[in-house]
Each structure stands twice: as structure tokens, then as C-alpha cells.
Amino acid sequence: MPQLWQEIYSKGLLQRVPGRVGENTYAVYSQLEDAGKSREGWFTFLIGVSVDPATPIPEGMTLVSVPGGTRANFTVPEGDPSRVMEAWNQAWGFDDGLKSFHCEYEEYGTEGAVVSLGLAAGRRDNG
């Protein structure tokens, strides 16, 4: 994954995304092998930005929609991307019975960084 981050930033790929909304960057983990059951197994990993949903998808790019619903967010200490694993360790320690296991993401912005997990219907965000 570090190589993908390096390629995206060294080539300025995120600046070329049409229909971009906002400045935040996302690392999205979706299409989990055991979706709805666990975080184990394979998954799809994409790095991207928010876009206007009416924007046509350019060749070579992929659109991922993060399901709506309640999420649990785990703050990356000091907003430092090199410390994202600390937030993931907190997320992995969170009660599996509350997680949806459908789509997880990291969000990086000027206000810091978070790891965000979807929660099963009827659950509350840990804030």
C-alpha cells in the first residue's frame, strides 16, 4: 500500500480527478471477502477523493460509494498519517458485534485524520 500512496502523490493523480468536492483524501477498504461477518480475508483498496456523483467516471478511474449509516470514528493521534496504525488498533479492538464489515475508510484532511468503521443498523457512533 505504501507504493500506491507514493505513486498517487508523486504523479499528482488526485489533482486530476474531475468533479472533486473538498480537499480530503480517502483510503477505502471495500468489497470485503466476509462482508457483514468479519474483517478477515481479501478486500478492495482504493485511494481517492470525494466527487460530485453526477461526474462521469474517467477511463482508468473507479467510483466507490461508501454506504450511509452510523459510523464509529477513531482519531489518528496528532493527525499524523505515520500513526494511522494506532487508530486501526483501536478500531480492531472495538466490539466486532457492533461492526457492519461492509466498508471502512481512512480520511485525511486539514482537521486531522480518522479511521471510520460502519456500524450495524441501530448502533451508535463512539464519537
Side-chain angles (χ1 to χ4, degrees):
M1 287 186 225
Q3 295 85 1
L4 182 57
W5 281 104
Q6 182 179 9
E7 179 181 353
I8 284 174
Y9 279 104
S10 68
K11 294 181 179 179
L13 298 176
L14 297 179
Q15 285 66 39
R16 293 191 254 160
V17 175
R20 184 171 178 167
V21 177
E23 295 299 316
N24 291 1
T25 300
Y26 299 85
V28 181
Y29 304 79
S30 63
Q31 299 176 340
L32 282 67
E33 180 177 2
D34 289 328
K37 299 176 188 172
S38 92
R39 66 180 174 93
E40 300 300 323
W42 55 262
F43 53 86
T44 298
F45 176 74
L46 295 168
I47 297 172
V49 296
S50 291
V51 297
D52 180 325
T55 304
I57 304 168
E59 186 176 327
M61 293 190 179
T62 303
L63 177 68
V64 173
S65 295
V66 174
T70 305
R71 303 198 69 79
N73 295 309
F74 301 87
T75 302
V76 174
E78 300 173 15
D80 179 356
S82 70
R83 298 181 66 187
V84 71
M85 287 309 298
E86 293 176 50
W88 274 113
N89 285 331
Q90 287 182 334
W92 291 329
F94 191 68
D95 184 353
D96 280 353
L98 301 177
K99 300 173 188 173
S100 67
F101 298 108
H102 287 287
C103 184
E104 302 171 350
Y105 63 85
E106 300 162 16
E107 179 179 5
Y108 299 92
T110 57
E111 300 294 317
V114 298
V115 168
S116 184
L117 306 179
L119 298 180
R123 304 299 183 183
R124 298 184 140 203
D125 184 350
N126 72 328

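Both backbone and side-chain heavy atoms feed into the values below; hydrogens, waters and symmetry mates do not. Note that the structure is a prediction, hence the values are computed from the model and not measured.
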Indicate if Ile57 and Val21 have the same hydrophobic cluster label, given that clusters are the connected sets of ILVMFWY residues with side-chain heavy-atom separations under 4.5 angstrom.
no

Locate the shortest heavy-atom distance separating Val114 from Val76; write the atom from each residue and the value.
N-CG2, 4.0 Å

Could you please spell out the steps behind the side chain to side chain contact (heavy atoms under 4.5 Å, CB included) verdict for Thr110 and Glu23?
CA-CA 8 Å; Thr110 57; Glu23 295 299 316; 5.6 Å; no

Might you point out which heavy atoms bring Ile47 and Leu14 nearest each other, and give the distance in Å?
O-CD2, 4.4 Å

With hydrophobic residues grouped by side-chain heavy-atom distances under 4.5 Å, do Tyr29 and Leu98 end up in a single group?
yes

Measure the spacing between CG of Asp80 and OH of Tyr108 and express it to the nearest 0.5 Å.
9.5 Å

From CE (Met85) to CZ (Arg83), nearest 0.5 Å
13.0 Å

So, taking the atom named CZ in Phe74 and the one named CD in Glu104, what distance separates them when rounded to the nearest 0.5 Å?
9.5 Å

Could you give the distance from CD (Glu107) to CG (Asn73), rounded to the nearest 0.5 Å?
8.0 Å

Closest non-hydrogen atom pair between Gly118 and Arg71, with its separation:
N-NH2, 3.3 Å

Student check: side-chain heavy atoms of Val51 and Leu63 closer than 4.5 Å:
yes

Approximate separation, where rounding is to 0.5 Å, of Ile8 CD1 and Gln15 CD
10.5 Å

pair Val115-Gln90: side-chain heavy atoms closer than 4.5 Å
no

Can Leu117 and Trp88 be said to form a side chain to side chain contact (heavy atoms under 4.5 Å, CB included), step by step?
CA-CA 10 Å; Leu117 306 179; Trp88 274 113; 3.9 Å; yes

Within one Ile-Leu-Val-Met-Phe-Trp-Tyr cluster: Tyr9 and Leu46, side-chain cutoff 4.5 Å:
no

Residues Leu13 and Glu7: closest non-hydrogen pair is CD1-O, 4.3 Å

A side-chain contact here means heavy atoms from C-beta on lying under 4.5 Å apart; do Leu4 and Phe45 qualify?
yes

Test item: Cys103 and Val28 side chains (from C-beta on) under 4.5 Å apart, heavy atoms:
yes

A side-chain contact here means heavy atoms from C-beta on lying under 4.5 Å apart; do Thr25 and Trp5 qualify?
yes

Between Arg16 (side chain) and Pro18 (backbone), is there a donor-acceptor pair under 3.5 Å?
no

Above 12 or not: heavy atoms from other molecules or residues under 6.0 Å from CD of Gln6?
no

